[in-house]
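A short worksheet on the structure shown next.
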Amino acid sequence: MSPRHFILVSLLLGLVSADFSTSFKNFIIANYGQEMYDNLARNDLGSVGSYGGGSHDGNSATSKRAVILVHGTTNNAGTFSFQRNTLLNNGWSDETVYGTTYGSGSAEITPAPDVAMECEFVQQVRNMITVVANFTKQKVDVIGYSLGSPIARKAILGGECADNSTVNLGSPLTSSVETYVSVAGANRASYLCVLPVTNACSTTNGLFCLSSFLTNINAQQGYEGSHIYSIYGPSDDKVGFYNLPCLTRNSRIVGATEYANATGNHDAILSGTINLQMTYLNAN
Ligand SMILES: *[C@@H]1O[C@H](CO)[C@@H](O)[C@H](O)[C@H]1NC(C)=O
Ligand SMILES: *[C@@H]1O[C@H](CO)[C@@H](O)[C@H](O)[C@H]1NC(C)=O
Ligand SMILES: *[C@@H]1O[C@H](CO)[C@@H](O)[C@H](O)[C@H]1NC(C)=O
């Protein structure tokens with residue numbers, strides 16, 4: 001195939017990758033190695049795998065603090081393109097909006113009941129926070145959507161992985177995070193996990209309210225960043241408002257500033273509160 005034909009076929013198949021910018025890619029490879037780059041860029045998923053970097057060179061601080069979007073179960077960085085684009089239209093830029101994809105990135109490959117909060121996912125989000133803070137030379141903001149919220153909180157907290165005691169993630173990244181925003185986060189459970197019968201509801205690293213993972217991230221307070229917010233609503237149909245058997249509010253982060261009356265179902269809350277998400281980021 002000639003180069004020209006290859007480009008044409010790639011365009012037709014949608015294989016042209018958004019990926020990280022060239023400068024961000026070079027920075028990661030130079031400072032952390034090729035494996036870290038491959039792991040965060042997720043080029044295996046094509047354009048939905050990752051984004052961020054812009055024309056920043058990594059030698060000085062970005063003019064604005066970066067925000068890292070952490071996706072939820074069975075989706076990927078590209079799923080949050082509405083939120084990303086809204087940020088890009090409201091003062092953020094490609095230098096300051098970042099995303100990576102943990103897991104398979106697809107419900108066809110891994111259905112939701114099979115997705116637990118694996119150590120590897122937490123490690124990846126933690127690496128993303130460290131690398132972006134290093135590249136932008138300042139603290140970052142983090143938005144954790146749905147399952148992405150407990151995963152991001154554990155990434156910031158560090159310590160031993162719930163599902164693999166041989167891995168200690170290290171000390172908290174609190175000093176690297178200015179603002180943490182949970183949106184429809186499964187912080188204390190999902191109401192669908194009444195019994196721990198699937199991987200997603202596992203007692204080890206699932207969304208059953210008494211799992212080791214959730215017990216660990218809720219045993220301490222205030223570690224997610226300098227300012228902590230949780231946005232959720234009563235009509236959430238995936239995380240839900242309350243759970244059995246603990247009768248706690250699924251999205252509550254004790255000590256966080258709460259907005260608990262977001263309207264609409266789970267997906268509507270993720271996108272419909274983008275203005276509030278930006279208000280919280282801009283408040284600090
Ligand atoms: C950035 O990464 C480099 C290479 O690993 C390291 O030497 C440096 O201390 C890091 N800087 C920050 C601010 O994390
Ligand atoms: C635990 O993590 C180590 C180091 O990454 C890995 O070699 C091992 O396979 C993991 N064990 C399990 C049970 O996942
Ligand atoms: C929604 O919640 C916020 C904060 O929790 C509160 O300030 C606001 O008054 C509430 N709005 C309604 C309509 O209940």
Side-chain angles (χ1 to χ4, degrees), residues 20 25 27-45 49-50 68 70-77 98-135 140 142 144 146-174 176-177 185-190 192-193 195-220 223-224:
F20 295 146
K25 171 182 178 174
F27 177 90
I28 300 173
I29 294 172
N31 289 287
Y32 300 92
Q34 182 73 40
E35 195 182 337
M36 177 73 91
Y37 168 73
D38 291 337
N39 182 260
L40 296 178
R42 292 300 305 268
N43 291 327
D44 57 306
L45 299 176
S50 63
I68 301 169
V70 183
H71 69 82
T73 190
T74 69
N75 52 44
N76 52 56
Y98 292 80
T100 182
T101 299
Y102 60 81
S104 74
S106 154
E108 271 110 69
I109 299 171
T110 324
D114 293 344
V115 182
M117 297 180 284
E118 291 179 27
C119 185
E120 198 187 316
F121 304 169
V122 174
Q123 180 75 70
Q124 186 179 333
V125 171
R126 184 172 165 94
N127 288 340
M128 186 70 181
I129 293 169
T130 306
V131 169
V132 174
N134 199 327
F135 181 63
V140 297
V142 177
S146 195
L147 188 75
S149 183
I151 288 177
R153 291 174 63 214
K154 178 60 179 170
I156 297 167
L157 179 61
E160 221 172 72
C161 280
D163 58 329
N164 190 337
S165 59
T166 67
V167 181
N168 191 310
L169 300 162
S171 48
L173 299 179
T174 309
S176 296
V177 183
N187 294 309
R188 305 187 79 85
S190 161
L192 298 170
C193 292
L195 294 170
V197 290
T198 60
N199 285 341
C201 299
S202 141
T203 54
T204 305
N205 58 347
L207 296 178
F208 180 62
C209 66
L210 298 170
S211 77
S212 307
F213 189 111
L214 294 179
T215 302
N216 170 238
I217 64 167
N218 293 311
Q220 297 161 71
Y223 61 81
E224 295 90 347

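Note: hydrogens, waters and symmetry copies are ignored here, and every other heavy atom, side chains too, is used. Atoms within each ligand, like the ligands themselves, are counted from 1 in listed order.
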Original post:
For V142, which of L173, V177, V125, V132 qualifies under side chain to side chain contact (heavy atoms under 4.5 Å, CB included)?
Top reply: V177
**OP:** Over 60° means perpendicular and under 30° means parallel, so classify the ring planes of F27 and Y32, tilted if in between.
**Re:** tilted
Subject >> Sequence-distant partners of V167, side chain to side chain contact (heavy atoms under 4.5 Å, CB included), two or more places apart >> reply: C119, Q123, C161, N164, L169
Subject >> Under 2.5 Å between SG of C193 and C201 >> reply: yes
Subject >> Under 4.0 Å from ligand 2 - residues by heavy atom, chain and number >> reply: N164, T166, V167
Subject >> S211 side chain to G206 backbone, donor-acceptor under 3.5 Å >> reply: yes
**OP:** For the residue pair R188 and L214, establish whether any side-chain heavy-atom pair is separated by less than 4.5 Å.
**Re:** no
